[in-house]
Amino acid sequence: MVFLNGLFSSPFTSTDAEIDPTTEEGKKVLAQPVATKWELWGYYLYYNGDNGFTVNSYMVNILQYLAYKGGFYPDTPNVTGCDIHDDSKNCFVRWAGTSGIPVPSMMLYVQAISFSIQFALFTTFGSLADYGKWNKYILLAATIVGCATQIVPIAFYKNDGSSWNAMVGIMILGLISYGTSLVFYGAAFPTISDNLPIVRKARADPNLTRDESAYVAEKWRNHVSAISTVFSNVGFLVMTGLLSGISFIAWENFEFYAGDDHVLGNVPLFNFIATAVCGVYWVINAVPYFLSIPSKRQGPSLPEGTNHFTVGWKSIFIAVKEARKLKYLFMYIFAYFMFADAVSTMNQMIGITQAQITGFNAQQLTILNLASAVTSILGCLFFLWLSKRFGIRTKTNLLLIVGLTTVVPIWGCFGIGLKNFGIRTTWELWAFYVWSGLFTAPIWAWQNTMLAELVPRGKENLFFGLFGVVNKASSWIGPVVIGAITQYTNNLWRGWPFVLALFVLSLAIIWFIDVDKAKIDIANYLAEQDVIDGHTDGNELVIVDEKHVL
């Protein structure tokens with residue numbers, strides 16, 4: 001009970017009546033509407049639906065399945081269709097004027113294309129999250145497109161494979177909209193957590209030092225980030241549980257392979273049904289959040305001399321310029337660049353591998369994801385409990401999470417030369433899903449809170465937007481490299497050493513980030529900004545030691 005009370009303690013024990021509106025800090029706090037229970041729970045619920053389940057599973061299965069039906073083997077290029085149960089050789093498809101590339105390479109290139117398009121979009125429009133109500137509008141548009149791309153594939157369930165190219169387009173749109181939703185959902189996180197009543201009171205309390213109010217803000221940012229990630233995994237669990245049950249429905253209208261149970265989960269149609277169900281589930285969970293956003297929740301107007309097409313690039317230039325003044329934030333940018341690409345590429349490689357191992361069996365995929373959903377919730381709650389119970393800091397938790405995730409590429413490297421070990425078998429898929437649920441799922445919560453610790457107050461959207469751009473800039477590199485390795489070696493497993501190198505380098509950089517010194521840098525930075533803005537006379541810019549800032 002104490003454990004649960006600590007995890008789900010209420011941030012609504014204070015009110016704005018306790019804030020003095022005549023002070024400078026009080027005015028800043030009251031300029032934004034307070035976050036309500038309705039808004040906070042709507043925020044959690046949105047992530048419950050936008051859990052990424054189908055875009056990383058069923059849609060991947062559907063595209064590979066259609067590509068196999070429309071593909072060919074190199075020794076019989078004029079014969080269309082590959083055996084989905086034969087993983088001894090790669091199926092090829094014609095791609096960009098070539099005579100043919102392996103389907104795994106095509107899948108990785110599709111990921112790379114989607115991420116490169118996201119990079120172009122976010123560099124131009126990503127910073128609009130800071131201004132007016134653009135965050136809400138862009139998130140709404142991404143949600144509509146994302147839900148549609150998950151529902152539309154059901155139209156291809158009788159396709160003979162000739163439309164696999166159309167599914168490529170849908171997959172790219174789905175990945176772009178899903179990625180956009182994550183970036184703009186994440187951009188709303190600091191604003192909501194910092195406007196919880198208990199945090200607003202601490203921010204405006206003249207009796208608290210900057211460090212003390214920052215501690216309260218950090219505590220609740222950790223809380224909101226971790227609980228929202230838990231809700232994402234709860235949605236994941238609900239979907240996998242529901243679809244697992246549906247997969248066992250008796251089914252006869254299909255030519256089953258020998259030994260297969262005559263159930264819906266062993267029929268390709270199930271992939272198409274499942275992704276449509278996930279799309280509808282996202283719609284249902286997204287509606288409350290958009291209805292709960294306060295009408296006055298918005299940023300300032302666009303700056304003079306900018307427009308919707310230039311503000312993004314100017315913001316990126318400013319963010320990079322400002323980040324260079326903050327050494328440890330700049331270091332974290334590089335670390336994030338590496339481990340975000342490593343995690344994304346790792347998951348894409350597993351998605352391709354599992355389809356080959358299971359023969360595109362949606363039932364096995366669903367049950368594996370059910371195990372992942374359960375362990376992901378346990379993993380997020382465990383690291384949150386660890387930080388609260390033992391006072392373990394964000395950096396230490398992040399190092400633990402990234403370090404434990406590094407086990408996966410080490411494990412995958414054994415598959416280069418072995419056929420029965422190295423993420424090559426069904427039991428290893430089970431082990432991977434449990435391990436990644438416990439030790440990889442929490443990475444997205446703690447990378448957010450680590451960033452929040454290194455970002456100056458008032459610059460959250462600027463730097464969260466920059467990290468969204470960094471994420472998309474990095475995420476196409478791994479798929480391109482692994483796709484090229486697979487294309488020229490005909491062996492997907494030869495890409496694991498590259499993923500391992502990314503993890504090791506990111507761990508090394510995070511290790512040398514000094515969060516305490518970073519906070520001193522932030523205090524100096526904010527004091528300098530106050531002088532520039534004319535709020536102080538410059539006498540505050542004196543560092544006494546690492547514990548006192550005057």
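The analysis underlying the following values was restricted to heavy atoms, covering all of them including side chains, and did not include hydrogens, waters or symmetry mates. If you read the sequence from its start, that first residue is 1, and numbering goes on from there. This is a predicted model, so every value here is computed, not measured.
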According to the interplanar angle, ranging from 0 to 90°, do the rings of Y43 and Y185 count as parallel (below 30°), tilted (30 to 60°) or perpendicular (above 60°)?
parallel
List the atom of P153, the atom of M167, and the distance in Å for their closest heavy-atom pair.
CG-CE, 3.9 Å
I would like to know whether M346 and T440 meet side chain to side chain contact (heavy atoms under 4.5 Å, CB included); could you show each step before the answer?
CA-CA 11 Å; M346 178 184 77; T440 304; 4.1 Å; yes
T76 side chain vs F72 backbone, donor-acceptor pair below 3.5 Å
no
Looking at Y488, I want to see if its OH is surrounded by more than 12 non-hydrogen atoms of other residues, nucleotides or ligands under 6.0 Å.
no
Between C380 and W446, which heavy-atom pair has the shortest distance, and what is it?
O-CH2, 4.0 Å
Answer yes or no: is there a side-chain heavy-atom contact under 4.5 Å between Q348 and M107?
no
Answer yes or no: is there a donor N or O on one side and an acceptor on the other, between the side chain of K69 and the main chain of C82, under 3.5 Å?
no
Criterion side chain to side chain donor-acceptor pair (under 3.5 Å) on Q354 and Y433, from CA distance to verdict
CA-CA 11 Å; Q354 71 188 8; Y433 272 93; 2.2 Å; yes
Hey, does P409 have a side-chain heavy atom less than 4.5 Å from the side chain of F498?
no
For the backbone of F439 and the side chain of T405, can you confirm whether one donor and one acceptor N or O come within less than 3.5 Å of each other?
yes
Can you confirm whether more than 12 heavy atoms, excluding those of F334, are under 6.0 Å from its CZ atom?
no
N490 vs T486 side-chain heavy atoms within contact, under 4.5 Å
no
Do F382 and P442 have side chains that approach each other closer than 4.5 Å (heavy atoms only, starting at C-beta)?
no
Supply the atom-to-atom distance S344 OG to Q111 CD, rounded to the nearest 0.5 angstrom.
6.5 Å
Inter-residue atom distance T345.OG1 - I477.CD1, 0.5 Å rounding
9.0 Å
Quick check: do M239 and F53 have side-chain heavy atoms less than 4.5 Å from each other?
yes
What's the separation between atom CG in L108 and atom CG in L492, rounded to the nearest 0.5 Å?
6.5 Å
Side chain of W435, backbone of L404: donor and acceptor closer than 3.5 Å?
yes
With rounding to the nearest 0.5 Å, note down the distance linking OG in S181 to CD1 in I144.
12.5 Å
What are the two closest heavy atoms between N90 and Y73, and how far apart are they?
O-CD2, 3.7 Å
Hits for ring pair (Phe, Tyr, Trp, His ring centres under 6.0 Å) against Y44, two or more places apart or cross-chain, chain-then-number order -> W41, F231
How far apart are the closest heavy atoms of L264 and F270, and which atoms are they?
O-CB, 3.3 Å
Considering the options T149, T275, N61, N369, which one meets the side-chain hydrogen bond (donor to acceptor under 3.5 Å, both in side chains) requirement together with T54?
T275
Side chain to side chain contact (heavy atoms under 4.5 Å, CB included) for Y109 and I101? Distances and angles first, verdict last.
CA-CA 11 Å; Y109 292 152; I101 64 171; 3.8 Å; yes
Heavy-atom check, side chain of F156 versus side chain of Y65, under 4.5 Å:
no
Criterion side chain to side chain contact (heavy atoms under 4.5 Å, CB included) on M450 and I513, from CA distance to verdict:
CA-CA 11 Å; M450 181 73 174; I513 293 175; 3.9 Å; yes
Heavy-atom side-chain proximity of L140 to F290 below 4.5 angstrom
yes
Do any N or O atoms from the side chain of D341 and from the backbone of G478 form a donor-acceptor pair under 3.5 angstrom?
yes
Chi angles and distances behind the side chain to side chain contact (heavy atoms under 4.5 Å, CB included) call for V110, W95
CA-CA 11 Å; V110 165; W95 176 268; 4.1 Å; yes
Is the ring pair W134/Y137 parallel, tilted or perpendicular, if the boundaries are 30 and 60 degrees?
perpendicular
How long is the straight-line distance from CG of N266 back to CZ of F248, given to the nearest 0.5 Å?
9.0 Å
Is the number of heavy atoms from other residues, nucleotides or ligands within 6.0 Å of CH2 (W411) greater than 12?
yes
Pair N56, Y178 - check side chain to side chain donor-acceptor pair (under 3.5 Å), show working.
CA-CA 10 Å; N56 293 311; Y178 173 63; 4.5 Å; no
Indicate yes or no for a side-chain donor-acceptor contact from S247 to the backbone of Q363 under 3.5 Å, with no hydrogens or angles considered.
no
Main chain of L63, side chain of W164: is a donor-acceptor contact present, judged purely on distance under 3.5 Å?
no
Can you find a heavy atom in the side chain of S57 that is under 4.5 Å from one in the side chain of T366?
no
Worked verdict on S162 versus D160 for side chain to side chain donor-acceptor pair (under 3.5 Å)
CA-CA 6 Å; S162 59; D160 61 0; 2.7 Å; yes
d(L121 CG, Q118 CD) to nearest 0.5 Å is 7.5 Å
Say whether, by atom type as modelled, one donor and one acceptor occur between the side chain of N397 and the main chain of L400 under 3.5 angstrom.
no
Pi-cation contact, F414 with R424 (under 6.0 Å, within 45°):
no
Quickly, which of V287, N285, D50 forms a side-chain contact (heavy atoms from CB on, under 4.5 Å) with L45? Name it, please.
N285
